There are 2 protein chains.
Amino acid sequence: MATVNPHESTERAAPGAARLRVAVPSVATRVASELRLQIAEGALPPGTKLKEEALSEELGVSRNTVREAFAELASERLVVRQPNRGVFVASLEASDIHDVYTVRRAIEVSAVRGGGSAESIAAVRAAVEEGKRAAEAGDSERLGSANQHFHGALVAMAGSERLDIIMSQVLAEMRLFFHKASIDGGFYQDYLSENEQICTALEAGEYERAAERLLAYLDRSEEHQTAVHSS
Amino acid sequence: MATVNPHESTERAAPGAARLRVAVPSVATRVASELRLQIAEGALPPGTKLKEEALSEELGVSRNTVREAFAELASERLVVRQPNRGVFVASLEASDIHDVYTVRRAIEVSAVRGGGSAESIAAVRAAVEEGKRAAEAGDSERLGSANQHFHGALVAMAGSERLDIIMSQVLAEMRLFFHKASIDGGFYQDYLSENEQICTALEAGEYERAAERLLAYLDRSEEHQTAVHSS
DNA sequence: ATTGTTGAATTGTTGAACATTCCCGCGGAA
DNA sequence: TTCCGCGGGAATGTTCAACAATTCAACAAT
């Protein structure tokens, strides 16, 4: 596992161009980000036990810092703490899948019904196009990513910081069992046209119709996920 | 401020009766609970700076433990962390009020539209009756509490653990500015009959009608809160 | 009045120690 | 054999003390 490096960030300061620097993330935050990434990529499959001492050595940080990172991840439900037993990468049961989709139905449908600004709908369109390009290129990883962008953009229509955060956490939770589901290639393909139609309805201002289609979409998706997961 | 005592819990072990012991909350969790309480009661008004060393002395715990408690509260948005500057009791701006109500509209309305089991609706009824009794007794504190129970019960209809947690956090956030709003006595009184009617609609299975009334209720409540807060 | 500089106070992080709890295997008793 | 209790090792929970890094306010200098 790579050590946590303060300068490995994707954004890199142009030489000499002193862009205004805001809040360098703390070490604990960077550790949390690293673990979040490894979990999302499947390098740390659900159920994996995360030992404090081992991680603190591997990442070159103290045990206390690792603990702070655990607290952050636990609040996002990516790991679960079992008192005096340790923290484990979260694994979703069948009931969790239904639960997650219940949250998605609530906030996504609500956001779509409420409509949004022209820019926010343009962002939805952008995600749809991103999905199309990924499908043409046969890049299933980017296709999945685009699909998440699509649903994130739907929620962003509401313009609520809190809803955005909730949605991002829900999407992070879904990644926990997506690499299992995405093994059957062309999984998202069925949904591409559905996304297109929802987006078209939004652009036409037909929010209620878009919401109905989205609801049907989510129901089918839950069904699919449940089927894949129970096998 | 009271020290955090392992045995000050409301439930007290009967002497000799070795009840099955379930997960005693960790010290950090108890510290977080204590702070949560003080914030809800207004003993720590919004904007108050929470110093690690002072708190660790006052509560008789180590600084690291206080930090873990801070992490918990920060994830609930009850406090905000400013890197290298400290943590402060959160204070809600006008935009936050709208944001919070956006979340409430999403999850409460969704839960009501989806209907619920007979027991879950009975819980809603119980909250309504609790509010009536509190109103008769003139106990405005219990009236406010009953109102929160009412809305919590609405969300519980969905039977989603995650929605319940989100709602409880939103309600906790609302308590941040409620003691300001609740100063004008009889604030909730207007809403009592509204709750009653929503509940009646639910009992009749008219979920859509209940949802419409709830939506109107939330819009009016937001308006009220915004007015009170901007003054 | 604006700009450095200094220094105290606070947070961020570390490392080590101790207490507590859990887990697992081992031996004794029914 | 099977069950029960009993260590002992390992991991977590918590504390403590120290140091680095940052902020902030007061003060000095231009």
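From a predicted model like this one, the values you see are computed outputs, not experimental measurements. Numbered from 1 within each chain, the chains take letters A, B, ... in sequence-line order.
Nearest nucleotide to the A:Val61 side chain, out of D:dT14, C:dT14, C:dT11: C:dT14. Listed nucleotides D:dT12, C:dT11, C:dT14 differ in distance to A:Glu52; the shortest reach to its side chain belongs to D:dT12. When each of D:dA11, D:dT14, C:dT11 is scored by its nearest atom to the side-chain atoms of B:Lys51, the top-ranked nucleotide is C:dT11. Side-chain proximity of A:Ser26 to C:dT13, D:dG13, C:dT11: nearest is C:dT13.
Here C:dG12 presents its P atom at 13 Å from CG of B:Leu50, a figure rounded to the nearest Å. Atom CG in B:Leu59 sits about 15 Å away from atom C1' in D:dT14, given to the nearest Å.
Considering only residues two or more places apart in sequence or on other chains, A:Gln82 meets the side chain to side chain contact (heavy atoms under 4.5 Å, CB included) condition with A:Arg85, A:Phe88. Taking A:Glu173 as the reference, B:Arg162 meet the side chain to side chain donor-acceptor pair (under 3.5 Å) condition, with sequence neighbours excluded. Not counting sequence neighbours, A:Gln169 has no partner by the side chain to side chain donor-acceptor pair (under 3.5 Å) test. Remark: A:Glu161 pairs with B:Arg77 by the side chain to side chain donor-acceptor pair (under 3.5 Å) rule, at least two apart or across chains. Looking at residues two or more places apart in sequence or on another chain, you find a salt bridge (charged side-chain N to carboxylate O under 4.0 Å, His left out) between B:Arg104 and B:Glu108. For B:Asn64, the side chain to side chain donor-acceptor pair (under 3.5 Å) criterion is met by no residue, not counting sequence neighbours. In this structure B:Ala90 satisfies the side chain to side chain contact (heavy atoms under 4.5 Å, CB included) test together with B:Val80, B:Leu176, sequence neighbours excluded. Partners of A:Arg81 by side chain to side chain contact (heavy atoms under 4.5 Å, CB included), not counting sequence neighbours, listed by chain and number: A:Glu52, A:Arg67, A:Phe70, A:Ala71, A:Val87.
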Pair pattern of DNA chain D in dot-bracket, where unpaired bases get dots and | marks partners in another strand, Watson-Crick or G-U under 3.5 angstrom: ||||||||||||||||||||||||||||||
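Formation of a donor-acceptor pair under 3.5 Å by the B:Thr29 side chain with backbone atoms of B:Pro25 is not found in this model. The backbone N or O of A:Glu53 lies less than 3.5 Å from a partner atom in the side chain of A:Ser56, making a donor-acceptor pair.
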Dump the pairs, protein N or O against N or O of nucleotides 20-23 of chain D, anything under 3.5 Å, distances to one decimal.
{"residue": "D:dT22", "atom": "O3'", "partner": "B:Asn84", "partner atom": "ND2", "Å": "3.4"}
{"residue": "D:dT23", "atom": "O3'", "partner": "B:Arg85", "partner atom": "NH1", "Å": "3.4"}

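Among pairs with a residue in residues 150-175 of chain B, those fulfilling ring-ring contact (aromatic ring centres under 6.0 Å, His included) read B:His151-B:Tyr217, at least two apart in sequence or across chains.
Residues from residues 63-82 of chain B lying near DNA chain D, meaning a heavy-atom separation below 4.0 Å, are B:Arg63, B:Asn64, B:Thr65 in numerical order.
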